[in-house]
Visitor: 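My questions all concern the structure below.
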Amino acid sequence: MANDRVHSLQKTLGWAATGVGVLLVANALYREFTRFRLDGKVVLITGGSRGLGLVLARAIAARGAKLAICARSADKIELARQQLERSGAEVMARTADVTDQEQVKTLVNDVVNYYGRIDVLINNAGTIQVGPQEAMLVDDYEQAMKTNFWAPLYAIHAALPHFRRQREGRIVNITSIGGKLAMPHLLPYSASKFAAVGLSEGMHAELKKENIHVTTVVPNLMRTGSPRNITVKGNHEAEYAWFKTAASSPLLSHDAEIAAQSIITALEYGQREAILSLSGKLATVVKGIAPGWVGALLTVADKFLPGYNGSLEKKKGYEAESHLSQGGVTVLSDQAALKNNEM
Ligand SMILES: NC(=O)c1ccc[n+]([C@@H]2O[C@H](COP(=O)([O-])OP(=O)(O)OC[C@H]3O[C@@H](n4cnc5c(N)ncnc54)[C@H](OP(=O)(O)O)[C@@H]3O)[C@@H](O)[C@H]2O)c1
């Protein structure tokens with residue numbers, strides 16, 4: 001009797017394991033079958049002249065896609081175009097300020113006129129201001145909102161008619177963990193990235209029925225080399241030093257190439273959201289269940305950041321370089337800056 005029961009339990013467990021196995025294989029096959037292949041696709045990357053945009057451009061071109069890139073600096077966008085073409089990529093490069101809606105419309109129409117279509121829009125162009133909230137004026141918030149929120153919206157609105165005509169489209173919005181947790185000394189940036197996360201999540205929900213997949217990418221700090229080009233306010237040298245150190249530290253920041261591969265995977269599989277690090281995933285879960293703890297932690301972090309010295313002057317990161325921001329792990333950021341045209 002007892003043996004019969006054991007046999008029957010073994011049989012049931014065997015069937016259950018087989019069922020789970022079949023489901024997993026079917027799911028993997030379905031994912032592969034429905035995977036979006038970049039080969040031959042037209043991909044527009046805003047801010048493709050340096051940093052993450054350039055790293056993404058290299059990796060996406062290596063998958064056989066045709067590129068369109070833009071930035072404000074004519075020299076930098078031309079340099080990126082030449083480098084990408086030398087490695088075999090097909091590239092359309094334009095100077096455009098994505099905070100100007102007309103320029104964004106023209107850019108997207110130029111891409112369609114040049115290649116005949118647009119398959120993917122990657123809203124990557126962004127701006128970072130570092131400093132205490134006392135140093136941040138309304139203008140700083142407006143600048144952050146223009147680049148990190150309004151520009152992605154302008155580009156989405158410009159691309160949507162083409163995606164609808166083609167009955168397919170992919171949008172990737174590069175937001176930030178700062179769009180999930182309000183980081184001290186990054187307030188205009190964080191506020192604008194919160195807005196970008198909301199926009200991206202809402203677009204995902206409403207556009208899926210039209211076969212337009214929207215992916216919200218949430219990176220931690222990345223070693224793109226961008227600290228040199230951020231805006232710093234308050235105690236410039238100290239603010240720049242903490243940010244550059246954090247953005248260079250392997251404990252706190254991602255390797256930019258690995259981040260780009262994760263972003264491409266999220267794009268290919270049409271993921272709703274890609275939080276790129278385990279710490280980012282944990283932080284968002286903990287914030288959901290115990291927001292008070294995360295609030296307390298950020299308050300403690302604020303106490304360790306530089307005090308306000310009364311200055312409202314803006315400086316670029318490279319103008320705030322000092323002995324505090326050189327040597328140690330910051331070497332990794334300098335190396336990334338060289339590699340990704342941030343110099
Ligand atoms: N690096 C990080 O640690 C990190 C972490 C989380 C999220 N992110 C996000 O990732 C994205 C890329 O960051 P990154 O580190 O690569 O920054 P980056 O090196 O400063 O690159 C920004 C790119 O955007 C372009 N850009 C900026 N404003 C523009 C405008 N108004 N019009 C057109 N192009 C503009 C820049 O070129 P021009 O200046 O010549 O216009 C440049 O090509 C941003 O959205 C950023 O917020 C970065």
Side-chain angles (χ1 to χ4, degrees), residues 44-58 68-81 93-104 106-107 122-130 142-152 154-155 172-181 183 186 188-197 200 216-231 243-249 252-257 259-260 262-263 274-277 279-280 316-318 332-333 336-343:
L44 168 60
I45 305 171
T46 66
S49 64
R50 55 181 162 88
L52 178 68
L54 181 59
V55 178
L56 276 169
R58 289 188 198 118
I69 54 173
C70 79
R72 290 163 302 178
S73 155
D75 295 357
K76 284 277 167 67
I77 201 74
E78 177 55 18
L79 177 65
R81 185 185 67 77
R94 291 282 184 278
T95 49
D97 182 342
V98 291
T99 65
D100 179 327
Q101 189 171 12
E102 282 310 311
Q103 290 191 38
V104 176
T106 306
L107 170 72
I122 302 186
N123 280 312
N124 162 78
T127 188
I128 300 187
Q129 303 118 311
V130 176
E142 283 174 354
Q143 288 305 319
M145 287 298 288
K146 277 184 187 165
T147 316
N148 299 337
F149 172 75
W150 288 104
Y154 296 155
V172 175
N173 296 308
I174 310 293
T175 69
S176 168
I177 193 65
K180 297 273 189 179
L181 309 171
M183 301 292 182
L186 286 166
Y189 177 77
S190 247
S192 64
K193 290 289 186 180
F194 264 73
V197 167
S200 189
T216 307
V217 174
V218 185
N220 275 16
L221 288 164
M222 289 177 283
R223 293 191 294 282
T224 60
S226 65
R228 287 180 52 75
N229 290 304
I230 63 168
T231 300
F243 183 79
K244 185 179 174 190
T245 305
S248 312
S249 154
L252 298 174
S253 68
H254 311 283
D255 173 273
E257 273 79 20
S262 305
I263 294 167
I275 302 181
L276 299 190
S277 68
S279 60
K316 296 302 280 182
Y318 59 80
L332 295 178
S333 185
L338 263 179
K339 197 165 152 193
N340 302 324
N341 294 357
E342 299 276 5
M343 304 302 275

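For ligands, and for the atoms within them, numbers begin at 1 and follow the listed sequence. Keep in mind that what you see is a predicted model, and the values were worked out from it rather than measured.
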Visitor: Could you tell me which residues satisfy salt bridge (charged side-chain N to carboxylate O under 4.0 Å, His left out) with Glu78, sequence neighbours excluded, listed by chain and number?
Guide: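 Counting only residues at least two positions away or on another chain, Glu78 forms a salt bridge (charged side-chain N to carboxylate O under 4.0 Å, His left out) with Arg81.
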Visitor: Can a side-chain donor-acceptor contact be found between Thr99 and Asp97 if the only test is distance below 3.5 angstrom?
Guide: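 Present: a donor and an acceptor within the cut-off.
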Visitor: Can you pull out every side chain to side chain donor-acceptor pair (under 3.5 Å) where at least one residue sits in residues 44-53? Sequence neighbours excluded, please.
Guide: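 Sorted pair list: Arg50-Glu342.
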Visitor: Excluding sequence neighbours, so at least two apart, what forms salt bridge (charged side-chain N to carboxylate O under 4.0 Å, His left out) with Arg223?
Guide: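 So Arg223 forms no salt bridge (charged side-chain N to carboxylate O under 4.0 Å, His left out) with any residue.
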Visitor: Kindly tell me which protein residues have any non-hydrogen atom under 4.0 angstrom away from an atom of ligand 1, grouped by chain and ordered by number?
Guide: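 Near ligand 1, by chain and number: Gly47, Ser49, Arg50, Gly51, Leu52, Ala71, Arg72, Ser73, Ala96, Asp97, Val98, Thr99, Asn124, Ala125, Gly126, Thr147, Ile174, Thr175, Ser176, Tyr189, Lys193, Pro219, Asn220, Leu221, Met222, Thr224, Ser226, Glu342.
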Visitor: Do Ser279 and Asn220 have side-chain N/O donor and acceptor atoms under 3.5 Å apart?
Guide: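 There is such a pair (donor and acceptor under 3.5 Å, judged by atom type) between the side chains of Ser279 and Asn220.
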Visitor: Going by distance alone, is a donor N or O of one side chain under 3.5 Å from an acceptor N or O of the other, for Thr147 and Thr127?
Guide: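 Side-chain D/A pair, Thr147 to Thr127: absent.
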